[in-house]
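Remarks on the structure that follows.
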Number of protein chains: 2
Amino acid sequence: MPNIEEIAKICKVSKTTVSRVLNNHPYVSEEKRRKISSVIKELDYTPNSLARNLRTNKTYTLAISVPSIDHSFFGQLIKGISNEAFVQGYKVLICQTFYDKQNELKVMNLLRNNEIDGVILGTLENEWTVIEPHLKYGPILLCNEYHEKASLPIICYDEFEAGYKAVRHLIEKGHKKIGFCYDTSYSQAQRQRKEGFLKALAESNLQTRNEWTFDRAFNIEDGFRIFNEINKLNEKPTALFTGNDQVAAGIIKKAIVNGYEIPEDLAVIGYDNQLLCQVTTPTITTIGIPIIELGIQSVLKIIQYIRGNEGVKREIIRLSTKLIVREST
Amino acid sequence: MPNIEEIAKICKVSKTTVSRVLNNHPYVSEEKRRKISSVIKELDYTPNSLARNLRTNKTYTLAISVPSIDHSFFGQLIKGISNEAFVQGYKVLICQTFYDKQNELKVMNLLRNNEIDGVILGTLENEWTVIEPHLKYGPILLCNEYHEKASLPIICYDEFEAGYKAVRHLIEKGHKKIGFCYDTSYSQAQRQRKEGFLKALAESNLQTRNEWTFDRAFNIEDGFRIFNEINKLNEKPTALFTGNDQVAAGIIKKAIVNGYEIPEDLAVIGYDNQLLCQVTTPTITTIGIPIIELGIQSVLKIIQYIRGNEGVKREIIRLSTKLIVREST
DNA sequence: CTGAAAGCGCTAACAC
DNA sequence: GTGTTAGCGCTTTCAG
């Protein structure tokens, strides 16, 4: 494998001059530039990224941390992030936390060891005080999650409004007993969603119940489980804001198999507007969210900090969501 | 940020000794080892990976190339790969080809520029002659795809058997007019699946038709599109092997909305055994495949080549699949 | 416009 | 057991 010195020797110039050509620097005579370029092509030479990275102290790599990639919301988010990152000349490292604090710290260590230039957190497992010290190693950004105090850029959905809209819709459909599902109840984004939910209930003098609130609702199987829990209740909710289309699909399917009429016996509203909503029977009412845009904005923002070489500061971008009514409500 | 020299100075030893402690080499006195360890901890020092990588010419990073991450099969595959890679001390870079030859070459360039130690190809866009020259830069492995000649490790499903089993099942259900969907018809894995399909038909003296074969069948929307094409045919198939659960779900949903009885008017069999199969109405008959195992085996195999520092050679591992019967057939 | 020289932070012969 | 030395391959002052 040829290196820059070999190219320099063949062209009878210094490594510096070759480097200038490689990096499109000015002040190289047209003649030499041509010669060097042709030798580079001939020998099929490409610069060693490792050496470059060490020298410039940049990796052009971003890490994206998510609970689990195996979920269509995060799949789409990563797709959006990955595409935009590639356009901007960055690579993307995937890190899954599986809701584990230690795994999240491993991502932080990548930043510390100079393996990546920045981190996009698509979930937040640790306390902010644990994350904060890592800011000195490079920019960190919160995406799809919220924190009330953390001093970093936050790009998220308007969760409060989403929760509010969903429940307003259910109330308008005549429901008075409405339940809620958390992905994880320690997520502040989910807490805000719940606030919106509660606000809408309060405005109509309605209340929810503890036993109508479910935690760890992430995928279809969680939906199966949650339906079973609901089905055992004496006083059942008549409507449910699941916070997630997969969970909605699981609940709906199990309900139908158990003889429920949807939405008459149980109205269900999802979140994300995945294609899944269109193939179930009944189709699923949901909250539509701009996933790709969330990804793009996150990438642009973190690259801005990387390029600017500046410490991140708190700034909040809230993307708005929209209610999409289908057959399940 | 402290470096190895600083640690050495404080401990009044050479960088070498510090390096030995860092890498758990023997021949360091217990006393110095303790002293150095404690200073490392105190200063919160971690070695710069970039420098290490340059020196050792290793990155401990694998790239996984897939058409699009935004698909539950590839999401699960990446999950399996990513988990096992982390266990083995490797990071995973995600690369999406979007079925584009150029994007696949970008992955190859990562290998050439020393940005990764090996590549797992979850799809194959270019001719083998285009890929082959890159083998000199590091190990490449084919996963979930097949090639009749390529001299590299191939870990795939027994596609022939899967196609055969699926069609046998449809024939036993009384079907004589059976259609087929390709993800991409240039995929040799898919071709093998088709061979199995044809073998089963031939054994029963049945034939398929060109207009019952559909290409670019990847997701739910493709399923919608394909149903519309079927619905326009004069002579329609009565059963379909879609090669993909999403496509199956899309076809089934559109069929039901258009008044078809499933499976009476149209039997549909998917592939992958995603959870999606369990929430549609009717539930979807499919081919169950060991996705996580495919990922794990791929990682173990490529790491074996990386560690052994040897050129890859052709070897084929075929994982077997199983028919899972539900309501759609 | 061009090149010499220094050095990013680390590891690994090799000598003692 | 330990330290000296020489790079890995590149970019970037700085001097000419």
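We name chains A, B, ... by the order of the sequence lines, and we start the count at 1 in each one.
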Handout entry: B:Tyr45 vs C:dG9: side-chain N/O to OP1/OP2 distance below 4.0 Å
Key =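 Answer is no, no contact under 4.0 Å.
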In whole angstrom, what separates [X]'s [atom1] from [N]'s [atom2]?
X	N	atom1	atom2	answer
B:Asn24	C:dT11	CG	P	12 Å
B:Asn57	C:dA12	CG	C1'	14 Å
B:Glu31	D:dT2	CD	C1'	13 Å
A:Asn113	C:dC10	CG	P	10 Å
A:Lys12	C:dG3	NZ	P	12 Å
A:Lys35	C:dT2	NZ	P	14 Å
B:Asn114	D:dC10	CG	C1'	12 Å
B:Leu54	C:dA12	CG	P	12 Å

Handout entry: Closest to side chain of B:Tyr27, choosing from C:dG9, D:dT4, D:dG1
Key =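 Comparing C:dG9, D:dT4, D:dG1 against the side chain of B:Tyr27, the answer is D:dG1.
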Problem - Per B:Val28 side chain, nearest of listed nucleotides D:dT2, C:dC10, C:dC8 - result: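 Nearest to the side-chain atoms of B:Val28, counting from C-beta on, is D:dT2.
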Practice task
Would you tell me whether B:Asn114 and A:Ser49 have side-chain atoms, one donor and one acceptor, within less than 3.5 Å of each other?
Solution key: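 On atom types as modelled, these side chains do not qualify, holding no pair under 3.5 Å.
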Exercise for the section: Summarise how protein sits on nucleotides 11-16 of chain D as a single string, 5' to 3': B when a protein heavy atom is under 4.0 Å from the base, S for sugar-phosphate-only contact, - for no contact. Expected result: BB----
Exercise for the section: Indicate the ring-plane relationship of A:Phe218 and A:Tyr99, choosing parallel, tilted or perpendicular according to the 30° and 60° boundaries. Expected result: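 Because their plane-to-plane angle is over 60°, the rings of A:Phe218 and A:Tyr99 count as perpendicular.
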Handout entry: Plane angle bin for A:His147 and A:Trp128 - parallel if under 30°, tilted between 30 and 60°, otherwise perpendicular
Key =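 Answer is tilted, since the angle falls between 30° and 60°.
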Exercise for the section: Taking only Lys NZ, Arg NE, NH1 and NH2, and the carboxylate oxygens of Asp or Glu, determine whether B:Glu159 and B:Arg191 approach each other closer than 4.0 Å. Expected result: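 Not counted as a salt bridge, because no side-chain N and carboxylate O are separated by less than 4.0 Å.
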Problem - For A:Arg112, all residues meeting salt bridge (charged side-chain N to carboxylate O under 4.0 Å, His left out), sequence neighbours excluded - result: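 Testing A:Arg112 for salt bridge (charged side-chain N to carboxylate O under 4.0 Å, His left out), a comparison that skips the adjacent residues, returns B:Asp44.
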Exercise for the section: Would you indicate whether B:Glu30, at its atom CD, is surrounded by more than 12 heavy atoms from other residues, nucleotides or ligands within a distance under 6.0 Å? Expected result: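 Count over threshold, so yes.
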Exercise for the section: Tell me whether the centres of the aromatic rings in B:Tyr157 and B:Tyr146 are closer together than 6.0 Å. Expected result: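 Judged by ring-centre distance (under 6.0 Å), B:Tyr157 and B:Tyr146 do not meet the cut-off.
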